[in-house]
Enquirer: 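Have a look at this one.
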Amino acid sequence: MCGLDPGELSQFLGEHTPFQSASAAEVANLAAGSSVASFAAGAVVADYSAQVPGDVWMVHTGRVTLQAADGAAVDVVEPGGIFGYTPLLTGGGMEFVARATEPSTLIRLPGEQVRTQFATPAGLAFLASSAWSVAGSRPALVPVADSRPVGELVHGEVLLVAPEVSVRDAVIRMTERHVSYALIPLPDGEFGIFTDRDLRTRVVAAGLSVEVPITRVMSAPARRVTADLTAETVLMSMLESGLRHMPVTSARGQVVGVLEDADLLAASARQSFTLRRSIGLAADAAELQTAAQRVTHTASALFRSGTKASATSGILSIVIDSVVRRALELALAEAPANAGTPTSGFAWLTLGSIARREAMPSSDVDSALSWRDDLAPAGDQLRAVARRTHAILDGCGLPSDTNGAVASSPNFARSQGDWARAARGWLDDPLVGKGLILSSLLLDGRVVWGESALHTIPAAFRRMRAEHPNALRLQLLDALSGRVRTRSLRDVLSRRGGTFDLKSHAVTPIVNLARWGGLVGDVASASTPARLTAAAACGALTDRDAATLGEVFAMLQRLRMTHQVEQLVAGHSPGDVITMSELSPLNRSLLNDGLREIEAVRRRVGNFGIPAV
């Protein structure tokens with residue numbers, strides 16, 4: 001049986017749901033009726049779109065991806081996971097293909113014996129936790145391009161259960177309502193939430209009785225959002241935190257609905273969750289690099305399915321964050337045990353467009369390190385970890401910054417105290433030691449691993465308008481120093497095949513001006529749109545100019561994403577240099593107008609300078 005004797009097979013089955021509560025005799029009987037099969041990478045295990053097989057499969061080693069008819073990944077099944085039980089029990093209704101994504105060994109379980117096991121309490125709980133997402137009917141999925149308030153997207157009556165309700169009763173009500181959550185009102189006005197994941201991990205896997213009170217296994221307080229936030233904003237929050245459910249409240253705090261990830265995600269967007277799961281489970285650098293090869297493909301599929309460029313960039317940034325985190329964790333695990341490399345007390349910062357949640361398929365990885373002062377003697381070891389991390393990322397198709405803004409460089413890897421002293425120096429004299437350049441890079445920085453408090457640069461640069469006006473003026477001069485274009489507008493936008501760098505000659509001037517405007521408003525680290533909003537609020541930009549730059553920025557990001565996705569589809573490396581003749585007349589006109597608007601805003605800002613405090 002492919003290396004598994006009956007005893008080993010029985011032990012493996014008994015260690016995993018839904019068979020953990022079965023007696024030894026029941027598990028042995030199930031093992032006797034089972035068989036083991038090996039599959040090569042890419043091999044089809046079962047095709048549920050063609051027929052309803054009479055068997056259920058459990059993954060012993062390797063990994064299996066469940067793919068919908070359009071090729072989109074529905075789920076990834078890891079060792080100990082099972083699939084095929086829903087079509088077996090319902091007689092169909094689930095059309096997908098199960099395919100091994102790497103060399104895998106699977107256990108073929110006899111359908112009738114599995115059906116009997118699902119009649120037990122543990123089996124019913126497992127079934128309920130897994131099957132209600134396909135039970136009943138759901139509304140049409142809202143693509144992530146949707147910018148409506150989430151209050152308009154919630155549907156159905158909220159399922160509320162009392163704190164004294166048992167898990168069994170809550171699961172019954174969840175199954176009856178075809179939802180995968182229950183909200184529990186708490187005495188302090190907060191809410192607890194119990195989800196299908198809690199049922200699997202906190203009840204079934206933990207061996208608890210389904211008669212325990214729901215409050216024992218719920219999550220509290222439940223994270224929630226207000227109904228006025230856009231679908232795109234809430235999706236970013238859910239994706240970054242890994243949450244699959246998000247209660248939505250009115251301005252008065254009343255729950256008006258609960259969003260599930262499927263309410264926000266088109267089929268292609270679900271791949272982002274699946275991909276992040278594969279990245280997080282990568283056991284070594286080779287596995288991570290294999291999983292990460294899908295990153296740009298996922299972004300391309302998102303955009304081509306109708307997702308806005310801003311949402312695609314945000315999702316891409318979050319997925320890249322997960323690759324960086326896992327690469328760092330693997331690099332730390334590889335560090336020699338006697339090297340004295342710290343495993344905590346430091347922070348990894350992502351810089352640049354990825355940090356601003358504005359990544360493109362062409363984005364490289366800028367980084368920095370900050371560690372506690374008492375870890376200063378370990379600086380060389382941490383920089384060595386950074387070098388290994390970037391080597392892993394290079395193999396993931398995420399190259400290091402070509403200008404040397406990487407955490408293995410002494411300029412970008414310092415103790416917390418050294419960063420604080422550097423920040424004071426940049427504020428006192430920004431022209432010394434590349435202060436303007438370094439401060440701009442670090443102001444965009446965002447901690448993706450470690451202690452957020454170790455990133456001290458943004459706090460040091462707040463209140464520049466009041467405390468360091470000269471340094472703020474130099475930030476403005478730097479933002480206005482580059483030209484929006486390198487040749488005449490007539491030449492650039494002609495049909496004669498001229499080229500134009502969308503990032504360097506159009507996007508970067510907006511990013512730099514927004515960074516300055518944010519600093520005027522005491523907002524250091526933020527996205528470009530958020531900085532423009534802050535600039536308008538403090539008077540650094542007029543409302544009209546901030547809105548104009550925001551619209552031009554969105555248009556440029558759309559042009560960049562369109563161009564880069566087309567390059568990926570054609571099998572080329574993505575980049576920002578476009579040939580003007582390739583643009584449609586409409587896009588040439590939009591770019592023409594956008595460049596004129598950027599230059600006009602820059603002239604007005606240059607004439608009026610920094611508003612008075």
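All values derive from a computational prediction rather than experimental measurement.
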Enquirer: Would you please indicate yes or no on a ring centroid separation below 6.0 angstrom for H455 and W371?
Expert: no
Enquirer: Just checking, is any N or O donor in the side chain of N470 or R473 under 3.5 Å from an acceptor N or O on the other one?
Expert: yes
Enquirer: Give a yes-or-no answer on whether the side chains of S362 and Q564 include a donor-acceptor pair shorter than 3.5 Å.
Expert: yes
Enquirer: Flag this pair as yes if the NZ/CZ of R325 is under 6.0 angstrom from the six-membered ring centre of W449 and inside a 45 degree cone about the axis; otherwise no.
Expert: no
Enquirer: In Å and rounded to the nearest 0.5 Å, what is the OG1 to OH distance from T195 to Y181?
Expert: 12.0 Å
Enquirer: How far does CG of L591 sit from CG of L595, to the nearest 0.5 angstrom?
Expert: 4.5 Å
Enquirer: Do E329 and R326 sit within salt-bridge range, that is, some charged N less than 4.0 Å from a carboxylate O?
Expert: yes
Enquirer: If I take atom OG1 from residue T548 and atom CD1 from residue I598, how far apart are they, to the nearest 0.5 angstrom?
Expert: 10.5 Å
Enquirer: Which residues satisfy the side-chain contact (heavy atoms from CB on, under 4.5 Å) test with S363, sequence neighbours excluded?
Expert: S353, I354, A359, M360
Enquirer: If you measure only the distance, is there a donor-acceptor pair under 3.5 Å linking the side chains of E358 and S527?
Expert: no
Enquirer: Within the distance-only criterion (no hydrogens, no angle test), does the side chain of Q567 pair as donor or acceptor with the backbone N or O of G575 below 3.5 angstrom?
Expert: yes
Enquirer: Look at R465 together with D522 and state whether they make a salt bridge at an N to O cut-off of under 4.0 Å.
Expert: no
Enquirer: Just checking, any donor-acceptor pair under 3.5 angstrom between side chains of S409 and N411?
Expert: no
Enquirer: Quick check: closest heavy atoms across P458 and A524, and the distance to 0.1 Å?
Expert: O-CB, 3.6 Å
Enquirer: Any pair with a residue in residues 519-552 that passes ring pair (Phe, Tyr, Trp, His ring centres under 6.0 Å), sequence neighbours left out, goes on the list, sorted by first then second residue, please.
Expert: none
Enquirer: Could you work out, with side-chain contact (heavy atoms from CB on, under 4.5 Å) as the rule, every residue matching A423, not counting sequence neighbours?
Expert: I457, A460, F461
Enquirer: Is it true that H390 and S367 share a donor-acceptor pair across their side chains at a distance under 3.5 Å?
Expert: yes
Enquirer: Between E190 and R224 (salt bridge meaning N to carboxylate O under 4.0 Å), is one present in this structure?
Expert: yes
